[in-house]
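What follows is a set of notes on a single structure, which appears directly below.
Below, each value reflects all heavy atoms present in this structure, side chains not excepted, and no hydrogens, waters or symmetry copies. Note that the structure is predicted; figures quoted are calculated from it, not measured. Indexing begins at 1, ligand by ligand and atom by atom, following the structure's order.
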Amino acid sequence: MEFFIDTANLDQIKEMQELGIIDGVTTNPTLLAKEGAEPNEQLKKICEIVKGPVSAEVIGLTTEVMVKEARELSKIASNIVVKIPMTKDGIKAVKILDKEGIKTNVTLVFSQNQVLIAAKAGATYISPFIGRLMDNSQNEIDTLWEMMEIINAYDFKSKLLVASIRNARHVVEAAKMGAHVATIPFAVLEKMFKHPNTDKGLEAFLKDWEKLQNQLKNK
Ligand code: G3P
């Protein structure tokens, strides 16, 4: 399973990149707005840090504008993947971009039928927003299982990129079903490292070691 980090923050990306645990990055207009920098400059910096896929989203709503924006975004770096919203115009854009060899990530996906349509259109990645399904009182895990079943049933080339992850359990659930990618916020990645027994166990080991050293000294 690949881990992408869901942020446009350079410090967060650098920290996780140095740990060697991330394979790519996803951004969206909200995440870029949080950073306050010129978006294309920020995306260029991100692509210099991470060599894996970096998702950058179009703003236009028509196929024509989306395709134009996608071509521009893909010039930023060779690892840019263009995020396209799950709309009729978006799907038309995905088909055109797929033929041009521009990788796409169909975003704002909430249903199994949307997955089927995006996969048939040739999306490179499909991003179900499971946290937002949960916010809507839908069973996000059952929905995700069915999405994964659909991708596997027809051997589509699209990869399921689980997005809007809110907690470490979401990552486990995505891994259990063999989802190709999870894009994870920095705070959740940090939590995935931790367990209280690891800290407690380490503290006890060090204490016992110190005790032994003192005993040996006093022999
Ligand atoms: O990758 C999509 C993600 O950024 C959306 O997450 O938490 O805003 O639903 P959230």
Side-chain angles (χ1 to χ4, degrees), residues 1-13 15-17 21-37 39 42-43 45-47 49-50 52-59 61 66 69-70 73 76 79-87 90-91 93-94 103-112 114-115 118-119 123-144 147-148 151 158-175 177 179-192:
M1 180 191 219
E2 289 190 316
F3 285 172
F4 291 179
I5 185 167
D6 194 28
T7 184
N9 181 280
L10 299 180
D11 291 336
Q12 293 183 350
I13 294 169
E15 190 175 330
M16 289 302 163
Q17 170 72 11
I21 61 158
I22 54 164
D23 306 290
V25 180
T26 49
T27 69
N28 61 36
T30 304
L31 293 172
L32 281 162
K34 265 192 205 164
E35 300 311 311
Q42 190 76 358
L43 287 163
K45 286 181 186 160
I46 295 172
C47 290
I49 303 169
V50 177
V54 173
S55 285
E57 191 159 341
V58 296
I59 302 301
L61 297 177
M66 285 189 221
E69 276 185 69
L73 285 168
I76 295 174
N79 51 334
I80 286 281
V81 172
V82 183
K83 253 185 170 177
I84 304 278
M86 178 58 222
T87 59
I91 289 302
V94 167
K103 291 188 173 150
T104 56
N105 174 358
V106 175
T107 189
L108 290 165
V109 167
F110 295 93
S111 77
Q112 299 86 330
Q114 289 177 324
V115 167
T124 318
Y125 297 97
I126 303 174
S127 291
F129 276 28
I130 63 167
R132 295 190 193 185
L133 278 174
M134 187 178 78
D135 295 345
N136 204 33
S137 304
Q138 282 180 261
N139 187 324
E140 76 281 21
I141 307 304
D142 286 354
T143 307
L144 201 52
M147 290 170 168
M148 199 63 224
I151 295 285
S158 308
K159 291 182 173 176
L160 206 65
L161 193 167
V162 183
S164 183
I165 283 179
R166 297 283 164 75
N167 53 57
R169 188 72 213 166
H170 274 160
V171 182
V172 174
E173 294 296 342
M177 66 190 73
H180 307 91
V181 189
T183 187
I184 312 169
F186 181 82
V188 176
L189 279 167
E190 284 223 301
K191 282 195 184 126
M192 287 167 63

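- For the pair Thr26 and ligand 1, the shortest N or O to N or O distance does not fall below 3.5 Å.
- Looking at every heavy atom in both residues, Gln12 comes nearest to Thr7 through OE1-OG1, 2.9 Å.
- Of the residues Thr26, Thr107, Asn105, the one that meets the side chain to side chain donor-acceptor pair (under 3.5 Å) test with Ser55 is Asn105.
- In terms of polar-atom proximity, defined here as any N/O pair under 3.5 Å, Ser164 does make such a contact with ligand 1.
- Looking only at distances, no side-chain donor or acceptor of Gln17 sits under 3.5 Å from a matching main-chain atom of Ile13.
- Within ligand 1, the atoms closer than 4.0 Å to a non-hydrogen atom of Asn28 are 3 (C), 4 (O), numbered from 1 in the order shown.
- No donor-acceptor pair under 3.5 Å is formed between the side chain of Asp6 and the backbone N or O of Ala163.
- In summary, the atoms of ligand 1 found under 4.0 Å from a heavy atom of Phe129, numbered by their order in the structure, are 2 (C), 5 (C).
- Counting only distance, with no hydrogens or angles, the side chain of Asn136 and the backbone of Gln138 share no donor-acceptor pair below 3.5 Å.
- Every atom of ligand 1 with a heavy atom of Arg132 under 4.0 Å away is listed here by number and element: 5 (C), 8 (O), 9 (O), 10 (P).
- Taking every non-hydrogen atom of Ala163 and a distance limit under 4.0 Å, the qualifying atoms of ligand 1 come out as 1 (O), 2 (C).
- No donor-acceptor distance shorter than 3.5 angstrom exists from the side chain of Thr27 to the backbone of Ala8, with no hydrogens or angles considered.
- Shown in contact with Arg166 at under 4.0 Å from a heavy atom are these atoms of ligand 1, numbered in order with element: 7 (O), 9 (O), 10 (P).
- The ligand atoms of ligand 1 that sit less than 4.0 angstrom from a heavy atom of Asp6 are 1 (O), 2 (C), 3 (C), 4 (O).
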